[in-house]
Amino acid sequence: MIKTSRKLLATSPTNIIPLIKNLSPWAQKPNTQTSLHTFPKGPSILATNLIVSYCTKGLLKEAHQLFDEIPERDVVAWTAMISGYTSSGHCSQSWDMFGMMMGSDDVSPNSFTVSSVLKACKEMECYYCGVMVHGLAIKYGVDGSIYVDNALMDMYVTCGDTMDDACVVFKGIRVKNVVSWTTMIAGYTHRGDGFRGLHVFRDMLQEEVELNSFSWSISIRACASIGSKFYGEQIHSAVVKHGFETNVPIGNSLVDMYCRCNSLSEAFNFFCEMVEKNLITWNTMIAGFGRSGPHSSLKFFCQMGSENIIPNCFTFTSVAAACADLAALSCGKQVHGAIVHRGLERNVPLANALIDMYAKCGNIGDSRTIFNEMVVRNLITWTSMMNGYGSHGYGREAIGLFNEMLDSGIKPDQIVLMGLLSACSHSGLVEEGLKYFNSLCIDTHVALNQEIYGCVVDLLGRAGKVSEAYELIEKMPFEPDEFVWSALLGACKAHKVLYLGRLAADKILDLKPNRADTFLVLSNIYAAEGKWGDFAKVRKLMRGVWSKKEAGRSWIEVKNQVYSFVVGDNMYAADMHLVYEELELLVLHMKDAVYVPDTDSLLHDFEDGT
DNA sequence: TTAGGGTTAG
């Protein structure tokens with residue numbers, strides 16, 4: 001039941017009570033500085049106004065000093081300080097102030113105080129603190145305030161393990177307002193349940209609540225989260241009808257929705273039509289187009305620069321990811337330079353993106369340097385570094401890092417376990433991988449899913465244990481999906497296990513009938529078995545889907561220039577000879593590494609004019 | 001004199 005935030009390690013449930021009893025040491029120090037202010041008797045409205053003003057400008061020390069000098073602090077002055085700390089992101093100080101206030105005999109919290117401190121609980125993701133404040137809200141009779149109830153819901157949405165507590169509060173509100181509804185929609189949506197979010201939105205419409213810009217943007221986000229262009233377009237029409245089309249956050253949500261629904265032309269058209277754009281609009285385009293292809297992402301980044309929009313951490317994270325996808329090292333280094341130049345290198349998600357970028361550009365040493373220099377790391381940091389090690393064939397380093405991560409107190413999730421298993425798989429560490437699969441998935445309470453099983457099938461299959469991989473699939477507690485069968489098919493292809501390969505290919509085609517690559521492997525299996533009738537049938541089926549298959553594009557970076565091409569391209573560039581020289585060098589490296597090309601995947605006998 | 005929910009980064 002108790003959920004305590006990592007952000008609040010110093011405020012465990014055992015030491016919260018002393019805080020409430022006014023034991024915050026630094027705040028209790030007697031004020032030894034010379035006072036600059038004189039105060040009339042009674043509550044000082046002027047001083048409180050000044051505190052608010054200081055806090056708004058980020059001058060928290062000055063605000064606190066002034067607060068210390070007020071001889072008779074009323075609830076408004078206390079609340080102004082609590083709120084000031086929360087709004088500035090100093091939530092533990094806000095919590096400390098609340099504790100001191102509760103410890104003073106002459107003041108009680110009101111609805112303003114409770115809603116302000118609940119916001120701090122939310123930001124700290126401290127469920128225990130929030131529950132305690134909920135109790136105090138009931139004790140002081142402020143739980144009927146719509147502000148308090150909405151703040152309680154918001155806290156439970158963020159800090160609770162489920163939406164249950166938020167739902168209880170929501171149902172208990174007799175007269176819900178637009179904030180109550182919006183908080184519920186946002187809660188479901190941010191937890192990945194966009195469908196329920198849209199259900200609440202529908203209920204809100206039925207209750208004839210007057211929608212504002214917040215409600216529109218979160219409902220669009222709900223559509224985006226489930227990839228529903230159908231509902232997204234309906235809400236877009238309603239947005240226009242209600243006259244909210246020029247609202248920038250709503251416009252940004254629409255751009256994001258179209259991008260996430262793979263409707264890039266609609267996203268671009270709407271982006272062009274937007275009367276007003278902000279940095280988030282550009283970031284949404286760069287990130288949204290980046291999901292489909294890194295080139296357009298970089299193109300928007302350049303266009304943004306030419307329009308004198310200053311990039312931020314979000315921008316650079318997407319741009320670094322685009323460089324990673326292109327494996328464009330020199331471009332990535334320039335981006336890294338720009339990040340350092342702007343002093344953004346301490347941003348954790350951005351540093352994570354750089355770790356990933358260097359790893360994907362083949363520079364695992366630089367990934368590790370960034371990892372080592374990070375003061376704060378999160379689960380994604382460790383995952384990125386482990387994935388980097390895995391893709392470079394450093395399985396043992398990935399295992400060592402995983403153990404280090406556990407020792408540092410970070411709990412693994414499914415994605416990091418997949419990274420670990422994949423690293424073992426690519427380094428041939430079958431026993432080690434199986435050990436983690438069998439023990440850690442249980443010990444760490446990470447739920448096994450299709451993708452984790454797919455990694456273990458891959459682990460066994462790559463090592464030639466194809467029958468064992470198939471046995472594992474048969475024992476799976478759920479129906480295997482196309483990814484699991486694809487892992488088995490890959491193993492069958494590599495180790496020439498024809499009968500299981502045919503089975504895997506059939507299963508994949510049952511689930512995804514238009515997989516041209518699966519048709520190709522299946523036809524090659526039939527050819528290897530001498531079943532020419534089946535071979536011909538599959539090749540005939542394949543013709544239908546192959547023409548729709550997007551050509552595999554390759555790219556190569558030579559002297560700061562990225563060249564992109566597909567098979568049969570006629571490339572014309574002044575320094576084209578440099579590309580061919582680089583490719584010849586690559587072929588030599590491959591020969592040195594005794595690389596044997598996999599020609600099974602080539603269409604030797606399909607070139608019949610179709 | 002003190003309080004609210006929304007859009008971008010694996």
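In the text below, chain A, chain B and the rest are named by the order of the sequence lines, each starting its count at 1.
Ring planes of A:F300 and A:F268: tilted class, angle from 30 to 60°.
Put simply, A:S213 has no side-chain N or O that comes within less than 4.0 Å of OP1 or OP2 on B:dG6. Residue A:R221 places at least one side-chain N or O closer than 4.0 Å to OP1 or OP2 of B:dT8.
Atom OH in A:Y140 sits roughly 18 Å away from atom C1' in B:dA3 (whole-Å rounding).
Remark: the A:S115 side chain and the B:dA3 base include a donor-acceptor N/O pair separated by less than 3.5 Å. Applying the 3.5 Å distance criterion, the base of B:dT7 shares no donor-acceptor pair with the side chain of A:S253. For B:dG5, the base has a donor-acceptor partner in the side chain of A:T182 [N/O atoms by modelled type, under 3.5 angstrom]. Side-chain atoms of A:N247 come within donor-acceptor range of the base of B:dG6, with a qualifying N/O pair under 3.5 Å.
Among the nucleotides B:dA3, B:dT2, B:dA9, the one closest to any side-chain atom of A:C313 is B:dA9. If you check B:dG10, B:dA3, B:dG5 against the side chain of A:S215, the one that comes closest is B:dG5.
For residues 336-354 of chain A, proximity to DNA chain B is found at A:N347, A:P349, defined as any non-hydrogen atom under 4.0 angstrom from a strand atom.
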Requested in this report: For the pair A:E307 and A:K277, evaluate salt bridge (Lys or Arg N to Asp or Glu O under 4.0 Å) and give the outcome as yes or no after the intermediate values.
Outcome: CA-CA 11 Å; A:E307 297 195 16; A:K277 301 180 181 80; 6.0 Å; no
